[in-house]
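Take a look at the structure set out below.
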Number of protein chains: 2
Amino acid sequence: MVNDKAVSGGLEWRVRMADGSPSEVLVPESRVFQRICWAIVGPVFSLMRKVRRFFSKAWDVGVDDPRKVMHCLKVGVALTVVSLFYYMRPLYQGVGGNAMWAVLTVVVVFEYTVGATLCKSLNRATGTFLAGALAVGVHWIASQSGERFEPIVLRTSVFLLASAATFSRFIPVVKARFDYGAMIFILTFSLVSVSGYRVDNLFDLAQQRLSTILIGGSMCLLVSMLICPIWAGQDLHRLVARNMEKLANSLDGSVTEYFKDSEDKLENEEDTGKKLKEYKCVLNSKATEEALANFARWEPAHGRFSFRHPWKHYLKTGASIRNCAYCIEALNGCINSEIQAPEYIKKHLSGVCMGLSSQSSVVLKELAHITKTMRKSSTIDFSVEDMKGAVQDLQDALKSLPTQINTSKQPVGEAPQEKKMDAIVAHTTIPLIEVVPLVTAASLLIEITTRIEGLVVEVDELARLANFKP
Amino acid sequence: MVNDKAVSGGLEWRVRMADGSPSEVLVPESRVFQRICWAIVGPVFSLMRKVRRFFSKAWDVGVDDPRKVMHCLKVGVALTVVSLFYYMRPLYQGVGGNAMWAVLTVVVVFEYTVGATLCKSLNRATGTFLAGALAVGVHWIASQSGERFEPIVLRTSVFLLASAATFSRFIPVVKARFDYGAMIFILTFSLVSVSGYRVDNLFDLAQQRLSTILIGGSMCLLVSMLICPIWAGQDLHRLVARNMEKLANSLDGSVTEYFKDSEDKLENEEDTGKKLKEYKCVLNSKATEEALANFARWEPAHGRFSFRHPWKHYLKTGASIRNCAYCIEALNGCINSEIQAPEYIKKHLSGVCMGLSSQSSVVLKELAHITKTMRKSSTIDFSVEDMKGAVQDLQDALKSLPTQINTSKQPVGEAPQEKKMDAIVAHTTIPLIEVVPLVTAASLLIEITTRIEGLVVEVDELARLANFKP
């Protein structure tokens, strides 16, 4: 990588030179020649740099998740195997020369996760079957209505059914689960009913299309389930657990960052910064979670997940996690705000606040552990109690805050000659505006614990629904 | 709808009777007969109810956005027109009997927005062209390498290229813009190079596939751009403006809700509740915005949007809007928290807080208006200044809060015999724990204004990039 950068840096320098700012004064002819040279070579180099950057990105993608590379090889294998239908004469003739549909199905249906592949295969097969049957029926009606009306009947039926099926794709229930099936329905119906006008053996066409699609679909399923299967359910399960861990890290990190002394702040800056921002990807996890949950429910039992695993409940858990994340976002905003509480007040609360945040992240980590291992924890109730205790401590500290400041700066109840001074102190000892960010942070921390309690309920419910072991 | 419910309620009652709990004692035979009857009729009715519910949902979808109905009719029209290639002999023979690909293209490529249709059409055409050319080339190489090696060369090339193209779909840049193109590349390459083993006129096959795809694609584009076009860019533009309005409503609504007297709370409960929750759909708008922005950049100039409209910047503006929304979420949490400030303290801040929130929502609404009308506003700077003034007012009110409470409950600096009492008052006059929710709300309001200022910068930048008129 270092080498890489050095090279591209060098290129940049050279290209910049081509822009017309050479440090030496050259003779005009050589300058013109050089310019022309660089006008040609420059873009080539710039393109090469882009290509190199593209490949380095691609390399990163592969290194980050080797399963993606595996998936590509799986697609290659499935395609190679299904193309045997072309290379072996008996197979080719067996499907009446329509092997093309099998290849097409593999390309279109093979998805990253088993659930997505299953969803698409079943949708494709069902859509094709229904549309094929309907098209054959409509074709029979059309052929009975005479040569003149046949195209009219066919075209009207295509228009009506295509419009209706397209509309059904807007309905949320259909969109979530049968979107692809509806598209294939339109496709097959149009193809079969319109082809019927030219093709004689319409029934054969429909049947061959169905059988080749079944071959292609089952090939995809076999490859995707037998060779290093990637389960959407497992991914969802891990995502939810990891999101809880991320929240725990962010929460702990940001509170520690806020309360630690300015000297400590320099060390591990980068590491903390990374941890602090982990919650950010939780904020936008809804779409991913919904897609995974949608695919997961098509998947058969695998690993520790039974067929009726409550995938839907993961969405609720995810929403609860995001609820916490929103609050952590606001907490971060208040931590980074310009107005900061004076150190001496901060010190007063730092212990309880850090205690609460670490207790909260203990609970979050324990929830993540419960989810990950799918085992009920005997200690979670104690942790939650500890967290509630820490909330109480923080509230007590908040209650005692003004008095303490009062006494530390000016002990009350002394000689009467200090009366006037006392009045001034009462005026200055409670600089509410100074404690505002601190109080806000404390209050948001308490709000976060409330939301974590909501998350505990959701995880409990998940444990009940999915029969987590004790 | 009322009628509907009555009917279904009746059915439920009757079905429940079938479960075996009739209020009257019947003679056994008739009971058995009735049970059998209901075992048959019950599921039918329940199915009918489901179907009815499905259709009522579908009806709602259509009523909410009539453009969706229009889109369905457009798909029907495009399919009917393209099927002319089957019905008219010269057209059918013109594409060598491969009219199927044109129908297929229409079904697969026709999307809701013009941008999405364009993106898919261009991807499909480019992917097909590149893959077709490459496949013809590979086929020539294979045919030169002897009959024995031909299938091996073909299969290896399919394996390698399919794997590589599948992998490219994981790279973010490709995934965002050329995902469909990569899939079509694999598809066409496999089809053409594998078919080459059986089909003699490979070049004709590739060329026919390309020309039919071009016919289908241009048909889709014509219909989608000429008949009531639905522009992704316009949708994105509206979405961003509407999101700002939603924030304004929610912010204003929730602060008013918090500060208004408990007596007023009862009226307009439902209306306010709806307004309060409007910000919720802003929280998860990222995926929609990204998809729309991605499609919008494929679209030609339309309406008030030039070809180089800064669609990418809408994503930044959207992120800024969501930033505000996260804070409003936290504000709502704190408003609904169990600990509430006592009324007399609330009253003290209610004026300034409501002033600030209404000023903030004025700014938000003005930003929405600027975006919507695409005209720079001369008053936005004043509104922002007013908002900053309101922040200052709130901060001043916070500063004066403890003193005021102090003086209102107990005037300081009186007879020395009240000394002890004074000490107690100093203990009780600043019940910090009681003002915590109020201070938090105020602090979050200030944080929201900071974020709104960030949004003002983004909208300014948008106005500059998109040359909004003054």
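Just so we're on the same page: letters track the sequence lines, and every chain starts at 1.
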### Task
Give the ring-plane orientation class for His71(B) versus Phe170(A), where under 30° counts as parallel, over 60° as perpendicular and anything between as tilted.
perpendicular
Is the shortest side-chain heavy-atom distance between [X] and [Y] below 4.5 Å?
| X | Y | value |
| --- | --- | --- |
| Lys68(A) | Thr166(B) | no |
| Pro172(B) | Val61(A) | yes |
| Ser163(B) | Leu79(A) | no |

#### Entry: Residue part contacting chain A, namely of Leu331(B), when any heavy atom lies under 4.5 Å
neither
### Query
Which of the residues Ile186(B), Leu161(B), Leu104(B), Val75(B) is involved in the greatest number of heavy-atom pairs with chain A at under 4.5 angstrom?
Leu104(B)
### Query
In terms of heavy-atom pairs under 4.5 Å with chain A, which of Gly76(B), Cys72(B), Ala441(B) leads?
Cys72(B)
At a 4.5 Å cut-off on heavy atoms, which part of [X] comes close to chain B: side chain, backbone, both, or neither?
| X | answer |
| --- | --- |
| Leu283(A) | both |
| Ala287(A) | side chain |
| Val174(A) | side chain |
| Phe110(A) | neither |

Rounded to the nearest 0.5 Å, what separates atom [atom1] in [X] from atom [atom2] in [Y]?
| X | Y | atom1 | atom2 | result |
| --- | --- | --- | --- | --- |
| Leu444(A) | Ser443(B) | CG | OG | 7.5 Å |
| Trp101(A) | Leu191(B) | CH2 | CG | 9.5 Å |
| Lys280(B) | Tyr326(A) | NZ | OH | 8.5 Å |

### Message
Tell me which of these, Ser190(A), Ala162(A), Cys327(A), has more heavy-atom pairs under 4.5 Å with chain B than the rest.
### Response
Ser190(A)
### Query
Among Thr440(A), Ile448(A), Val77(A), who wins on heavy-atom pairs under 4.5 Å with chain B?
Thr440(A)
#### Entry: Note: Glu329(A)-Arg451(B) ion pair, threshold 4.0 Å (strictly below)
yes
### Task
Of all the heavy-atom pairs spanning Val173(B) and Lys57(A), show the shortest one and how long it is.
CG2-NZ, 3.9 Å
### Message
Which heavy atom of Leu73(B) sits nearest to which heavy atom of Phe159(A), and what is that distance?
### Response
O-CE1, 3.7 Å
